[in-house]
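Below you will find the structure I want to go over with you.
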Amino acid sequence: MLYYLFTYLYKHYHLPGAGVFQFISFRAAMAVITSLLIAQVFGKNLIRILQRKQVGESIRDLGLQGQMEKKGTPTMGGLIILLAILVPVLLFAKLDNIYIVLMLLSTIWLGLIGFLDDYIKVVKKDKEGLAGRFKVLGQVGLGITVGWVLFFSNDVTVRQYLLPNGQLSAVDASSVYQDVKLMITTIPFAKNNELNYGNLFQYAGPYFNGLYSFLYIPIVILIITAVSNGANITDGLDGLAAGTSAIIGITLAIFAFVSGNSILADYLDIMYIPNSGELVIFCTAFVGACVGFLWYNSYPAQVFMGDTGSLAIGGIIAVLALIVRKELLIPILCGVFLIENLSVMVQVSYFKYTKRKYGEGRRLLRMSPLHHHYQKLGYHESKIVSRFWIVGIMLAVLTLVTLKLR
């Protein structure tokens with residue numbers, strides 16, 4: 001909203017300084033500052049309200065060090081993250097940008113699902129929370145919506161350059177170009193690193209022409225569901241999910257910035273996605289919200305984000321990656337989420353397999369997810385979190401290296 005106000009004042013009244021709102025870098029800086037301030041001010045007040053209403057986390061005794069000390073710690077702290085994202089974006093972003101609209105929708109959508117789950121758990125005192133099928137249904141619904149918009153909206157385009165041989169390329173800049181509706185994505189570590197989803201059906205005959213949305217939309221659903229659940233599983237130690245998400249958010253902000261800048265996209269030889277640069281404002285607000293939340297969530301936590309925050313931040317990361325056409329980098333960028341997810345799947349599968357074969361279930365890990373395994377080994381919670389952050393930074397750097405390493 002402030003973007004439109006100061007643009008109007010600059011154009012009609014030539015207000016000194018109002019022109020800085022035209023620069024993404026300025027608005028991104030203002031978004032992260034505002035986000036941090038909101039997290040600080042609102043976070044303190046929300047924790048007091050939650051404590052007063054006795055909205056505390058119920059803890060099952062799993063024999064983990066320091067676990068029972070967390071009993072009664074306020075949850076639903078994800079509301080801090082949601083507010084610290086939404087307010088700066090509404091203030092500083094272009095609200096008619098299709099990508100900003102998608103990100104706001106995704107944030108609110110999954111935030112509401114997580115909030116319902118937390119509300120049922122801590123207010124209604126139902127430990128099961130929102131039934132799993134309703135969570136999945138909500139994630140699938142968002143996946144269909146996001147996939148449909150990205151696939152069919154005419155506002156979602158990539159720039160194609162005309163080569164001397166008459167062919168079009170997403171990455172070879174020339175003076176002749178056109179912005180076209182094309183579902184391509186980036187293949188990491190490949191020289192000609194664009195994958196056209198439509199080509200997956202090229203040998204199926206003309207009957208399947210244009211029907212590859214039936215492939216693309218399920219891929220979007222899978223990615224959103226997997227990353228959202230991965231963030232939810234990772235949220236098991238103080239500061240783990242928030243810190244890891246902040247690292248991922250910084251990486252996605254860089255991708256959004258270079259993908260939305262024609263000069264940088266040309267220099268790095270990557271596809272230029274018109275209007276995607278506006279996502280930098282969202283990314284910086286997201287990073288500010290996660291870092292601001294860490295003020296209260298770092299060990300020992302004063303508040304937990306709950307599903308309100310974890311489901312939302314996972315969904316945000318997934319949709320951001322899809323928009324900037326970097327979804328195939330998610331296994332690297334979100335490697336911490338992936339290994340946490342896999343640790344649960346492997347543990348459960350192996351337990352069921354050994355129970356059928358030997359009559360008793362056996363475990364590969366002392367406990368899943370993986371961070372609890374290290375707790376069982378005697379590592380202090382803060383050490384586990386710090387080392388997971390370090391791994392997250394290494395994976396983020398490796399992801400950024402793919403811009404040039406092909």
Side-chain angles (χ1 to χ4, degrees), residues 1-47 49 77-112 114-115 146 149 155 242 245-246 248-250 252-257 259-261 273-296 305 308-309 312-313 315-317 319-320 323-324:
M1 290 180 283
L2 289 180
Y3 166 78
Y4 297 103
L5 172 62
F6 280 93
T7 299
Y8 176 82
L9 292 174
Y10 178 71
K11 287 183 177 180
H12 293 83
Y13 299 100
H14 305 289
L15 181 69
V20 296
F21 276 80
Q22 301 301 310
F23 297 98
I24 288 176
S25 55
F26 173 78
R27 289 185 286 129
M30 293 302 296
V32 71
I33 292 170
T34 305
S35 181
L36 285 166
L37 290 174
I38 290 172
Q40 292 295 302
V41 176
F42 178 67
K44 185 186 297 182
N45 293 328
L46 178 66
I47 291 171
I49 293 171
L79 292 171
I80 301 172
I81 296 175
L82 296 183
L83 192 69
I85 292 172
L86 295 174
V87 172
V89 172
L90 291 173
L91 287 176
F92 298 108
K94 294 180 183 178
L95 301 180
D96 58 348
N97 183 289
I98 184 64
Y99 301 128
I100 293 295
V101 172
L102 265 183
M103 293 314 306
L104 290 172
L105 173 67
S106 302
T107 304
I108 295 170
W109 190 311
L110 288 177
L112 284 174
F115 177 80
V146 171
V149 172
D155 294 324
S245 298
I248 295 170
I250 293 170
L252 289 171
I254 295 172
F255 277 128
F257 186 73
S259 297
N261 185 296
I273 307 171
N275 303 315
S276 65
E278 200 67 19
L279 286 172
V280 177
I281 287 89
F282 188 95
C283 290
T284 52
F286 173 71
V287 172
C290 291
V291 174
F293 181 70
L294 274 174
W295 186 273
Y296 300 107
M305 69 170 66
T308 306
I313 62 178
I316 287 168
I317 290 167
V319 178
L320 279 170
I323 290 175
V324 297

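Note that the numbering runs from 1 along the sequence shown for the chain.
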**Message:** Checking Ser106 now: which residues fulfil side chain to side chain donor-acceptor pair (under 3.5 Å) with it, not counting sequence neighbours?
**Reply:**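 In terms of side chain to side chain donor-acceptor pair (under 3.5 Å), with neighbours along the sequence ignored, Ser106 is linked to no residue.
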
**Message:** Using side-chain heavy atoms (C-beta onward) and a distance below 4.5 Å, is Ser245 in contact with Phe286?
**Reply:**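 A side-chain contact exists here, since the closest heavy-atom pair is under 4.5 Å.
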
**Asked** Donor-acceptor pair, Thr308 side chain versus Gly78 backbone, under 3.5 Å?
**Response**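 Looks like no, no N/O pair under 3.5 Å.
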
**Item:** Side-chain touch Phe282/Ile316, heavy atoms, less than 4.5 angstrom
**Value:**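 Phe282 reaches Ile316 side chain to side chain.
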
**Request:** Using side chain to side chain contact (heavy atoms under 4.5 Å, CB included) as the criterion, list what pairs up with Ser259, not counting sequence neighbours.
**Result:**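 Testing Ser259 for side chain to side chain contact (heavy atoms under 4.5 Å, CB included), a comparison that skips the adjacent residues, returns Ile270, Ile273, Ser276, Lys326.
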
**Prompt:** What's the spacing between Thr34 OG1 and Phe92 CZ if we round to 0.5 Å?
**Reply:**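 Those atoms lie 4.0 Å apart.
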
**Request:** Output all residues satisfying side chain to side chain donor-acceptor pair (under 3.5 Å) with Tyr8, sequence neighbours left out; order by chain, then residue number.
**Result:**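 Applying side chain to side chain donor-acceptor pair (under 3.5 Å) to Tyr8 gives none.
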
**Asked** Under the criterion side chain to side chain contact (heavy atoms under 4.5 Å, CB included), which of Leu83, Ile47, Leu37 is the partner of Phe42?
**Response**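 Of the listed options, the one satisfying the test is Leu83.
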
**Item:** Straight-line distance of Cys283 SG to Leu320 CG, nearest 0.5 Å
**Value:**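 Those atoms lie 4.5 Å apart.
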
**Item:** side chain to side chain contact (heavy atoms under 4.5 Å, CB included) against Ser35, all qualifying residues, sequence neighbours excluded
**Value:**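 Side chain to side chain contact (heavy atoms under 4.5 Å, CB included) check on Ser35 returns Ala84, Pro88, Ala289.
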
**Prompt:** If you take all heavy atoms of Val280 and Ala253, which pair is closest and at what distance?
**Reply:**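 That would be CG2-O, 3.9 Å.
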
**Prompt:** Do you know which two heavy atoms are closest between Ile281 and Ala93, and how far apart they sit?
**Reply:**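 In terms of heavy atoms, the two residues are closest at CG2-CB, 3.9 Å.
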
**Request:** Would you list the pairs meeting side-chain hydrogen bond (donor to acceptor under 3.5 Å, both in side chains) in which at least one residue belongs to residues 18-29, sequence neighbours left out?
**Result:**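 Listed by first then second residue: Thr7-Gln22, Arg27-Glu278.
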
**Asked** So do Ile108 and Leu112 actually touch side chain to side chain, heavy atoms under 4.5 Å?
**Response**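 A side-chain contact exists here, since the closest heavy-atom pair is under 4.5 Å.
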
**Item:** Test side chain to side chain donor-acceptor pair (under 3.5 Å) applied to Asp96 - qualifying residues, sequence neighbours left out
**Value:**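 With sequence neighbours excluded, Asp96 shows a side chain to side chain donor-acceptor pair (under 3.5 Å) to Tyr4, given in chain and number order.
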
**Prompt:** Is there side-chain contact between Leu2 and Met30, with heavy atoms separated by less than 4.5 Å?
**Reply:**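 In short, these two side chains do not touch, never coming nearer than 4.5 Å.
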
**Message:** Could you walk me through whether Lys94 and Asn275 satisfy the side chain to side chain contact (heavy atoms under 4.5 Å, CB included) test, starting with their C-alpha distance in whole Å, then the side-chain angles of each, then the deciding distance to 0.1 Å, before giving a yes or no?
**Reply:** CA-CA 10 Å; Lys94 294 180 183 178; Asn275 303 315; over 6 Å; no

**Message:** Please find the pair of heavy atoms, one from Leu82 and one from Gly111, that lie closest to each other, and give the distance.
**Reply:**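 Closest approach of Leu82 to Gly111: CD1-CA, 3.9 Å.
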
**Message:** With rounding to the nearest 0.5 angstrom, report the OG1 to CD1 distance, Thr284 to Ile250.
**Reply:**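 Thr284 atom OG1 to Ile250 atom CD1 measures 10.5 Å (nearest 0.5 Å).
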
**Request:** Just jot down the side chain to side chain contact (heavy atoms under 4.5 Å, CB included) partners of Leu104, sequence neighbours excluded, or say none.
**Result:**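 Checked Leu104 against side chain to side chain contact (heavy atoms under 4.5 Å, CB included); matches are Leu86, Val89, Leu90, Leu95, Ile100.
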
**Minimal non-hydrogen separation, Phe115 against Leu79, with atom names** =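 Scanning both residues completely, I find the closest heavy atoms to be CD1-CD2, 4.1 Å.
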
**Item:** Contacts of His14 that satisfy ring-ring contact (aromatic ring centres under 6.0 Å, His included) - sequence neighbours left out
**Value:**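 Listed in chain order: nothing, the list is empty.
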
**Request:** Verify the neighbour count for atom CZ of Phe257: are there more than 12 heavy atoms of other residues, nucleotides or ligands below 6.0 Å?
**Result:**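 Not buried by this count: 12 neighbours or fewer within 6.0 Å.
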
**Asked** Roughly how far apart are Phe293 CZ and Ile85 CD1, rounded to 0.5 Å?
**Response**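 With rounding to 0.5 Å, CZ (Phe293) is 11.5 Å from CD1 (Ile85).
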
**Request:** Quick one: list whatever passes side chain to side chain contact (heavy atoms under 4.5 Å, CB included) with Trp295, sequence neighbours left out.
**Result:**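 Applying side chain to side chain contact (heavy atoms under 4.5 Å, CB included) to Trp295 gives Gln40.
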
**Message:** Just so I know, are the side chains of Ile323 and Met103 near enough to count as touching, which here means a heavy-atom distance under 4.5 Å?
**Reply:**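 Result yes, sub-4.5 Å side-chain heavy-atom pair found.
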
**Item:** Under the ring-ring contact (aromatic ring centres under 6.0 Å, His included) test, residues paired with Phe21 that sit two or more places apart
**Value:**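 So Phe21 forms a ring-ring contact (aromatic ring centres under 6.0 Å, His included) with Phe6, Phe26.
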
